[in-house]
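Report on the following structure.
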Amino acid sequence: MSEHSKERTLVIIKPDGVQRSLIGEVIRRFERVGLKLVGMKFSVPEPNQVEEHYTLDPEWKRKVGEKAIESYEKKGLTPPSTDPVNIGDTVVERLKGYMTSGPVVVMAWQGAHAVELVRKLVGGTEPRSSDVGTIRGDYVLDSYSMADTNDRAIRNLIHASGNVDEAKQELAHWFADAELVEYRLVQEGILYDVNLDGILE
Ligand code: GDP
Ligand code: MG
């Protein structure tokens, strides 16, 4: 089997995704593109589990803060702070409230370009501006301006790892090695085999 087929990514259906009855729809989209489900759990996360998840990358708070400052400035608004890390701290606190408000589905998906494909199907962070056809674009309407007005995290249904390194760290954070199942899906022959010579009798 091609080495490409081994890439893995972490997806979390956030509490709003579960409440909107979108578990099946989300799984359907990843299944139909050809990815393989290799791990899944359902629980209410602990606040420290959420904080650790978002701070696995020590730069994440700064990056998310910079992104927020940029989006305030683009709208001609004054950001609540000029220090990105400060804004990042606030975002993490809000995420802790959001992500522990109910059960979530934590999943590991495997396949060629898994990280990139899942991000493409999930869409941009803000549902209001994310593309039509993506999960965040099609199934919810939240915006930075609504979230900021109400001092809460933006509700965008789903988390997906941002790059291959982030995926490795996040998978290790949510799953023990033994909880990720190595198995063959029959369709992988069609997706990855060099020759399609097992079809005709
Ligand atoms: P993602 O990778 O597209 O989920 O986005 P990030 O990793 O940048 O942010 C993680 C999560 O934090 C997002 O999915 C949002 O729920 C929330 N979030 C990020 N940036 C902001 C922000 O500027 N304001 C608010 N209210 N929430 C944010
Ligand atoms: Mg992210």
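Counting convention: from 1, in listed order, for ligands and their atoms alike. This chain uses plain numbering: 1 for the first residue, then up along the sequence. For clarity, every value in this text was computed on a predicted model and none was experimentally measured.
Side-chain contact of Ser161 with Glu166: a donor-acceptor pair under 3.5 Å is absent, judged by distance alone.
The contact shell of ligand 1, taken as protein residues with any non-hydrogen atom closer than 4.0 angstrom, comprises Lys14, Tyr54, Trp60, Val64, Lys67, Ala68, Val91, Leu95, Arg119, Thr125, Arg136, Tyr144, Ala147, Asp148, Arg152, Ala153, Ile154, Asn156.
Both tests pass for Lys36 against the ring of Tyr183: distance under 6.0 Å to the centre and angle within 45° of the axis.
Classified by interplanar angle (parallel below 30°, tilted 30° to 60°, perpendicular above 60°), the ring pair His159/His53 is perpendicular. Relative orientation of the Trp60 and Tyr54 rings is tilted, given thresholds of 30° and 60° on the angle between their planes.
Under the side chain to side chain contact (heavy atoms under 4.5 Å, CB included) criterion, Thr134 pairs with Ser130, Asp131, not counting sequence neighbours.
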### Query
Where do Glu126 and Ser129 land on the side-chain hydrogen bond (donor to acceptor under 3.5 Å, both in side chains) test, with the steps shown first?
CA-CA 6 Å; Glu126 186 196 33; Ser129 55; 2.7 Å; yes

